[in-house]
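Right, one structure below, let's go through it.
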Protein chains: 4
Amino acid sequence: MADGTGAIEPSKKAKAGGIAGDTLKRYLERIERLEEEKKALAGDIREVYAEAKGNGFEPRIMRKVVSLRRMTAADREEEEALLDVYRQAVGV
Amino acid sequence: MADGTGAIEPSKKAKAGGIAGDTLKRYLERIERLEEEKKALAGDIREVYAEAKGNGFEPRIMRKVVSLRRMTAADREEEEALLDVYRQAVGV
Amino acid sequence: MADGTGAIEPSKKAKAGGIAGDTLKRYLERIERLEEEKKALAGDIREVYAEAKGNGFEPRIMRKVVSLRRMTAADREEEEALLDVYRQAVGV
Amino acid sequence: MADGTGAIEPSKKAKAGGIAGDTLKRYLERIERLEEEKKALAGDIREVYAEAKGNGFEPRIMRKVVSLRRMTAADREEEEALLDVYRQAVGV
DNA sequence: CTGCCATTTTACCGGC
DNA sequence: GCCGGTAAAATGGCAG
């Protein structure tokens with residue numbers, strides 16, 4: 001650990017497979033559980049897009065709007081301005 | 001919408017900014033709410049890694065382990081598929 | 001093969017490891033060679049973006065422009081129009 | 001560009017639509033040319049799969065095999081990394 | 001035309 | 001704090 005490369009055996013209290021191993025396991029299980037929930041939410045989001053699509057809205061465009069709403073007004077305007085500059089430069 | 005260009009005003013019920021606009025807004029708000037929850041979970045996961053790091057475990061390695069655990073199922077399937085290929089190749 | 005599951009032993013002419021195996025191997029090698037070339041081109045593209053960045057252009061925006069140029073004028077205008085509709089509907 | 005907002009007119013040499021615009025255009029054209037080649041290779045690869053299919057090989061399985069071959073190097077590295085983890089865990 | 005697979009884009013994380 | 005690489009998500013293309 002002194003060399004900064006180590007991973008297990010935190011604070012020299014125990015060796016892998018012992019108490020530290022149990023601690024590590026608990027961390028991993030907490031992480032995996034949280035990741036499952038996260039994955040479930042991703043599924044929920046997909047479902048909402050699908051439902052919206054069923055009502056005539058285009059998910060692709062909806063995503064763009066969500067993305068725009070996520071940005072601050074300043075950032076959004078700046079990016080749009082720069083894009084305009086590039087577009088004019090190449091004539092699109 | 002018969003012209004294939006539109007998306008808003010599903011079922012001819014309303015125009016943008018009207019009822020359809022409200023519907024769209026509701027979808028977007030549902031999505032944004034779910035994304036917030038998802039983001040919160042991502043934050044929780046980060047915290048667990050940070051806590052583990054505080055106890056001497058290296059997040060980088062932990063991520064590797066999580067990844068390996070996750071891939072196990074997929075790899076097993078891959079391996080079974082390959083086994084099938086070989087079985088078919090030899091006609092068993 | 002009649003059951004639709006088989007892959008090797010095409011036309012019942014040979015068994016894996018034999019002529020068919022050689023044929024398969026040749027196909028795989030052709031594919032792998034082409035994929036290497038493809039990967040090299042991807043590297044070249046990355047380099048161009050990096051060079052442009054070094055001259056003050058933002059790759060992120062450049063990619064958007066490339067994407068716009070890829071679309072037909074009609075598609076591009078339609079998409080922009082629809083995005084405007086959605087944006088107005090939710091007030092972005 | 002001292003204000004960090006600009007990108008075009010690198011080194012204050014020109015304005016959009018001018019020299020900088022030409023430079024940008026050249027970058028975009030290089031990129032688009034490379035992408036065309038890349039796309040052509042993708043088409044070639046697809047053709048090889050199609051030809052193989054015509055000779056009784058299943059593209060789906062072939063892709064799996066190609067993928068497995070490709071992953072071998074990565075897996076080997078992964079395995080070595082994991083070995084390192086274990087070595088560190090036991091302090092060898 | 002729906003679902004799958006590949007590619008591309010986006011977000012995240014550790015290093016400098 | 002930026003930047004590069006790495007993993008997740010989304011978009012697009014293709015077969016069935």
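Scope of the values below: all heavy atoms of this structure, side chains included, with no hydrogens, waters or symmetry mates.
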Check the distance between [N]'s [atom2] and [X]'s [atom1] and give it to me in whole angstrom.
{"X": "D:L41", "N": "E:dA6", "atom1": "CG", "atom2": "P", "value": "17 Å"}
{"X": "C:E58", "N": "E:dT10", "atom1": "CD", "atom2": "P", "value": "13 Å"}
{"X": "D:L34", "N": "E:dT8", "atom1": "CG", "atom2": "C1'", "value": "16 Å"}
{"X": "A:R46", "N": "E:dC4", "atom1": "CZ", "atom2": "C1'", "value": "14 Å"}
{"X": "B:I45", "N": "F:dA7", "atom1": "CD1", "atom2": "C1'", "value": "13 Å"}
{"X": "B:R60", "N": "F:dA7", "atom1": "CZ", "atom2": "C1'", "value": "13 Å"}
{"X": "B:M62", "N": "E:dC12", "atom1": "CE", "atom2": "C1'", "value": "17 Å"}
{"X": "C:K38", "N": "E:dT7", "atom1": "NZ", "atom2": "P", "value": "4 Å"}

Between B:R63 and E:dC13, is there a contact of a side-chain N or O with OP1 or OP2 at under 4.0 Å?
yes
Phosphate contact (F:dA8 OP1 or OP2) by B:R70 side-chain N/O below 4.0 Å
yes
State which of F:dA10, F:dA9, F:dG4 makes the closest approach to the side chain of C:K53.
F:dG4
If every non-hydrogen atom of A:G56 is compared with every non-hydrogen atom of C:Y86, which pair is closest and at what distance?
O-OH, 4.2 Å
Between B:G21 and C:A89, which heavy-atom pair has the shortest distance, and what is it?
CA-CB, 4.0 Å
Any base atoms under 4.0 Å from B:P59, or only sugar-phosphate, or nothing? Heavy atoms, all strands.
sugar-phosphate
Show the numbers, then the answer: is there a side-chain contact (heavy atoms from CB on, under 4.5 Å) between B:V66 and A:E35?
CA-CA 10 Å; B:V66 169; A:E35 283 191 344; 3.8 Å; yes
Take A:R30 and A:E37 through the test salt bridge (charged side-chain N to carboxylate O under 4.0 Å, His left out) and record every step on the way to the result.
CA-CA 11 Å; A:R30 277 172 68 191; A:E37 293 179 40; over 6 Å; no
Which residue, D:K39 or A:K39, contacts DNA chain F at a nucleotide closer to its 5' end, judged by nearest heavy atom?
A:K39
Starting at the 5' end of DNA chain F, which residue's closest nucleotide do you reach first, A:K64 or A:E35?
A:E35
Other residues, nucleotides and ligands only: do more than 12 of their heavy atoms fall within 6.0 Å of CD on B:E79?
no
